[in-house]
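Heads up, the thing below is written out as structure tokens.
Here is how names work: the chains are called A, B, and so on, in the same order as the sequence lines, proteins then strands, and each is numbered from 1.
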There are 2 protein chains.
Amino acid sequence: MTVGVRHDDLRRRNRAMVLSALRTAGQASRTEIAGLTGLSNSTISAISASMIDEGVLLEVKGGENGLARRGRPQVALTLNPELASVVAVMLTLNHLSATMIDYAGDTVDEEIERLATQTMDREALVAAVVGCVRRLVDRQRGEGRRPSRIALAVQGITSSDSSSMLWSPITPQQNTPFAPALAAAFGVPATVENDCNMIAMALKWRDPVRYRDDFFAIMLSDGIGMGLMTKGKLFSGTHSSGGEFGHMIHVPHGALCRCGRRGCIEAYAGNYAVMRNASGGKEDDPPAADFSQAEMQKLADAARAKDGPERRAFVTAGNAIGFGLGSVFALFDPAPVAIVGPGAHAFDILEGPIREAIAQTSGGAHSGAISFEAEPNEMPLITQGCAMTALTRIDDELVAPGAVTAQTLRGRKVA
Amino acid sequence: MTVGVRHDDLRRRNRAMVLSALRTAGQASRTEIAGLTGLSNSTISAISASMIDEGVLLEVKGGENGLARRGRPQVALTLNPELASVVAVMLTLNHLSATMIDYAGDTVDEEIERLATQTMDREALVAAVVGCVRRLVDRQRGEGRRPSRIALAVQGITSSDSSSMLWSPITPQQNTPFAPALAAAFGVPATVENDCNMIAMALKWRDPVRYRDDFFAIMLSDGIGMGLMTKGKLFSGTHSSGGEFGHMIHVPHGALCRCGRRGCIEAYAGNYAVMRNASGGKEDDPPAADFSQAEMQKLADAARAKDGPERRAFVTAGNAIGFGLGSVFALFDPAPVAIVGPGAHAFDILEGPIREAIAQTSGGAHSGAISFEAEPNEMPLITQGCAMTALTRIDDELVAPGAVTAQTLRGRKVA
DNA sequence: AGACTTTTTTCGAGCCTCGAAAAAAATAAT
DNA sequence: ATTATTTTTTTCGAGGCTCGAAAAAAGTCT
């Protein structure tokens with residue numbers, strides 16, 4: 001049983017709505033906000049007055065648009081970038097970055113690091129992440145900035161309470177509790193997120209026309225992941241991040257996957273699988289380590305040039321992805337797909353086989369109508385998704401309930 | 001952008017909460033309701049007073065429980081069965097039933113009919129459904145009862161706006177708009193629902209301990225369907241009912257399915273597939289018509305008796321279901337599974353192969369921990385699910401907003 | 001019969017949203 | 001230059017809703 005709606009919830013919700021409207025629109029006048037939220041002008045006036053008072057919102061002075069209309073001019077409101085900041089951390093294979101983003105969503109500073117994730121033990125991994133964030137935070141302390149929240153995106157499976165990385169291809173370590181470590185080190189809430197989910201979040205922010213309520217973000221790299229937006233909300237499993245597209249079964253008892261099982265989609269479409277198939281390897285050959293982008297590029301060029309094992313490997317990969325999507329469409333119904341990550345460089349060779357496979361599944365009727373888009377550069381998306389996730393959490397958990405003002409937050413830690 | 005929370009929404013929501021609490025608990029005192037909803041005693045007192053006044057709720061007179069405690073005795077409230085009623089219609093292969101259920105959820109009357117669904121054209125099918133409901137409604141008009149809502153459950157794919165049956169194995173007709181026809185014939189809102197979704201709804205009502213927030217209901221019959229509860233809410237596709245488990249791909253380019261495609265789970269685990277495999281048919285053999293329960297029973301007995309083609313057919317079926325569940329678990333995470341429908345009679349032979357297959361998938365780690373339960377008799381579940389769906393819609397759309405009182409509803413049509 | 005206990009109702013306080021009206025701040029017209 | 005017009009924003013009072021405290025109600029226990 002959900003708990004009843006109390007009276008103060010009402011104000012909290014409507015404040016959250018105003019914040020959300022401004023976060024999407026960037027800036028908007030009181031009247032526009034009233035239109036967006038469906039609340040009355042008087043209510044918006046009251047809410048925005050108190051939020052300006054708290055230092056959450058700013059009136060945009062002077063920045064008038066050229067066309068001067070008759071009547072009292074609208075005065076735009078924005079989120080106060082100085083109210084708070086968050087750190088978005090991205091941990092991928094041999095790569096670590098921490099980005100500080102202000103409350104309005106603009107990047108302030110960044111710290112990047114290479115590291116050998118596959119050979120580090122759990123403590124070293126956690127220490128590296130904490131250290132990277134530490135350097136960023138220390139550098140920004142001089143500017144009077146302190147993050148209010150930290151979000152870490154990792155490849156692999158995360159727990160549904162966003163506290164731990166349960167499993168990841170970038171390390172043999174399991175159940176790594178990054179969130180508590182970060183929370184303890186910096187005295188602020190921290191979460192661990194799945195990279196593909198963050199990509200989906202970012203796509204929704206970047207291109208809300210194409211990626212609105214329902215879409216799939218497929219990440220092609222060594223592994224294969226999926227971020228899934230359904231009905232405007234990020235889909236997640238009941239215990240974990242879920243959406244483990246790469247480990248749906250493509251061929252029962254089929255090719256050996258990096259996860260130790262057989263027949264996963266990844267075992268046909270992951271980088272290592274394409275490489276294995278192109279080089280005449282057998283399905284039982286153990287998955288090799290990660291390949292450079294240059295190697296994959298060479299393979300793709302060979303596939304483009306002429307028929308041969310390389311092209312057949314990409315066809316196999318595309319088919320695996322297509323049949324997998326077909327099964328996903330059977331469950332969720334067809335929706336636009338974004339192909340993200342290094343594998344998107346080869347999207348021109350993959351698209352045909354993907355569509356061919358989908359056409360043989362229950363989503364097939366619409367296979368022509370499904371929109372695909374390729375975006376090879378996944379890293380900025382992951383970081384942006386992380387930032388937005390953290391910022392909207394601050395909106396909902398701190399700012400909307402009124403727990404936070406510029407005074408309580410500036411330079412001080414938040415419970 | 002969702003619309004802001006207005007002031008009157010507050011009352012509406014809290015009324016809905018009280019209704020939902022009573023619908024789940026059957027009866028409860030004001031104090032108990034306050035505990036369940038988290039609202040204060042005074043609020044519950046006010047809400048229940050006005051609802052009693054409207055004729056929505058009844059005080060249970062006299063019916064005291066044996067153990068008399070000290071203090072003023074609690075007086076239980078219930079939903080007034082006379083406030084309204086709904087008709088739950090179930091259309092399956094060659095079978096049609098309409099059941100009238102009162103506002104408290106108890107069955108009042110029923111009308112059953114056999115018909116040849118596969119050879120009827122669209123108009124005849126719609127007419128049959130309307131006719132069956134008509135007989136029930138006419139008979140009950142004498143008692144002063146008029147339904148406030150009609151819900152129809154069908155096998156197959158329904159539109160996400162619940163207006164039409166998009167596709168169903170019980171008829172060659174497509175896009176049959178049952179809901180508008182029923183709505184026009186009886187002047188009340190009508191919806192078309194997927195049978196497996198209704199089963200999931202019913203399971204949640206029947207056994208809320210086992211089937212709470214997350215579970216899967218797999219229906220085994222000629223076709224294979226799935227109803228899916230995630231986070232306490234019925235899962236549905238974005239355009240259709242979704243959850244087309246039976247048409248996820250088990251083996252690419254595999255056995256011929258009733259849907260005309262190849263390799264669907266159904267093409268290995270549907271009744272016709274088991275029959276085809278057991279009788280030495282080939283994968284390309286066109287799917288035969290529906291089989292009697294007796295025939296399937298004989299097959300199962302043969303499989304139990306000794307190794308042979310029959311047993312192998314059931315193993316194949318179980319494996320297909322298991323691998324499919326594995327893929328579903330990869331997306332949604334593992335959760336309890338209910339095996340419903342005629343196929344559940346053979347659950348004893350299927351369970352082993354199902355678990356064996358799951359063990360080879362990413363949900364495999366927990367394959368032993370996943371709870372399975374078999375319930376061969378699906379029809380009462382479908383009807384109950386339909387009734388509950390219709391009743392909760394009345395709660396939310398008519399009673400909670402206060403649009404309905406015993407006066408406005410009794411014997412008159414509702415807009 | 002009176003004390004005690006628990007449930008339910010009553011009452012006033014405190015918020016919140018809304019509509020209407022007023023105020024503010026600009027442009028257009030005279 | 002001044003007035004009229006237009007549009008945005010604020011102010012103000014009305015009406016609802018929930019809540020806590022106190023009162024009333026309806027029993028059991030001694």
Where the side chain of Thr392(B) meets the backbone of Thr389(B), is there a donor-acceptor pair that is under 3.5 Å apart? yes
Just by distance, do the side chain of Asn80(A) and the backbone of Leu58(A) share a donor-acceptor pair under 3.5 Å? no
To the nearest angstrom, the CD1-C1' distance between Ile47(B) and dT8(C) comes to 15 Å
Quick check: any donor-acceptor pair below 3.5 Å linking the side-chain of Arg72(B) to the base of dT6(C)? no
Leu10(B) CG to dT17(C) P: how many Å, rounded? 10 Å
Between the base of dG20(D) and the side chain of Ser40(B), is there any donor-acceptor pair under 3.5 Å? no
Cationic tip of Lys231(A) within the cone over Phe235(B)'s six-membered ring, i.e. under 6.0 Å and within 45° of the normal? yes
Test item: Leu79(B) and Leu57(B) side chains (from C-beta on) under 4.5 Å apart, heavy atoms: yes
Thr43(B) has its side chain closest, among dT8(C), dT9(D), dT18(D), to dT18(D)
What is the distance, rounded to the nearest whole Å, between atom CD1 of Ile33(A) and atom P of dT9(D)? 9 Å
Taking only side-chain nitrogens and oxygens of Asn41(A), does any of them come within less than 4.0 Å of OP1 or OP2 of dG19(C)? no
Please report, rounded to the nearest Å, how far the P atom of dT8(D) is from the CG atom of Leu77(A). 14 Å
To the nearest Å, give me how far apart CE (Met17(B)) and P (dT18(D)) are. 12 Å
Side chain of Ser160(B), backbone of His239(B): donor and acceptor closer than 3.5 Å? yes
Tell me whether Glu59(B) is salt-bridged to Arg30(B), with the criterion being a basic N under 4.0 Å from an acidic carboxylate O. yes
Give the nucleotide from the list dT17(C), dT9(D), dA26(C) with an atom nearest to the side chain of Ser45(A). dT9(D)
Using five pairs at either end of the helix from dA1(C)-dT30(D) to dT30(C)-dA1(D), determine the angle between the two local helix axes and round it to 10 degrees. 20°
When rounded to whole Å, the CG to P distance for the pair Leu39(A) and dC16(C) reads 13 Å
Rounded to whole angstroms, how far apart are CD1 on Ile44(B) and P on dT6(C)? 21 Å
Which pairs, protein N/O on one side and nucleotides 1-5 of chain D N/O on the other, fall under 3.5 Å?
unit_1	atom_1	unit_2	atom_2	d
dT5(D)	O4'	Arg70(A)	NH2	3.3

Decide side-chain contact (heavy atoms from CB on, under 4.5 Å) for Asn14(B) and Thr37(B); before the verdict, give the C-alpha distance in whole Å, the side-chain angles of both, and the deciding distance to 0.1 Å. CA-CA 8 Å; Asn14(B) 288 340; Thr37(B) 58; over 6 Å; no
Is there side-chain contact between Pro336(B) and Arg212(B), with heavy atoms separated by less than 4.5 Å? no
Under 4.0 Å, counting only non-hydrogen atoms across every strand here, what does Ser42(B) touch: a base, just sugar-phosphate, or nothing? base
Look only at the side chain of Ser48(B) and the backbone of Ile44(B), and say whether a donor-acceptor pair between them is shorter than 3.5 Å. yes
Protein-nucleotide distance (Asp9(B), atom CG; dT18(D), atom P), rounded to Å: 12 Å
Is Arg69(A) near enough to dT8(D) that one of its side-chain N or O atoms lies under 4.0 angstrom from OP1 or OP2? yes
Verify the contact: side-chain N or O of Arg11(B) to OP1 or OP2 of dG16(D), cut-off strictly under 4.0 Å; return yes or no. no
Tell me whether Arg23(B) forms a cation-pi arrangement with Tyr103(B), defined as NZ or CZ under 6.0 Å from the six-membered ring centre and within 45 degrees of its axis. yes
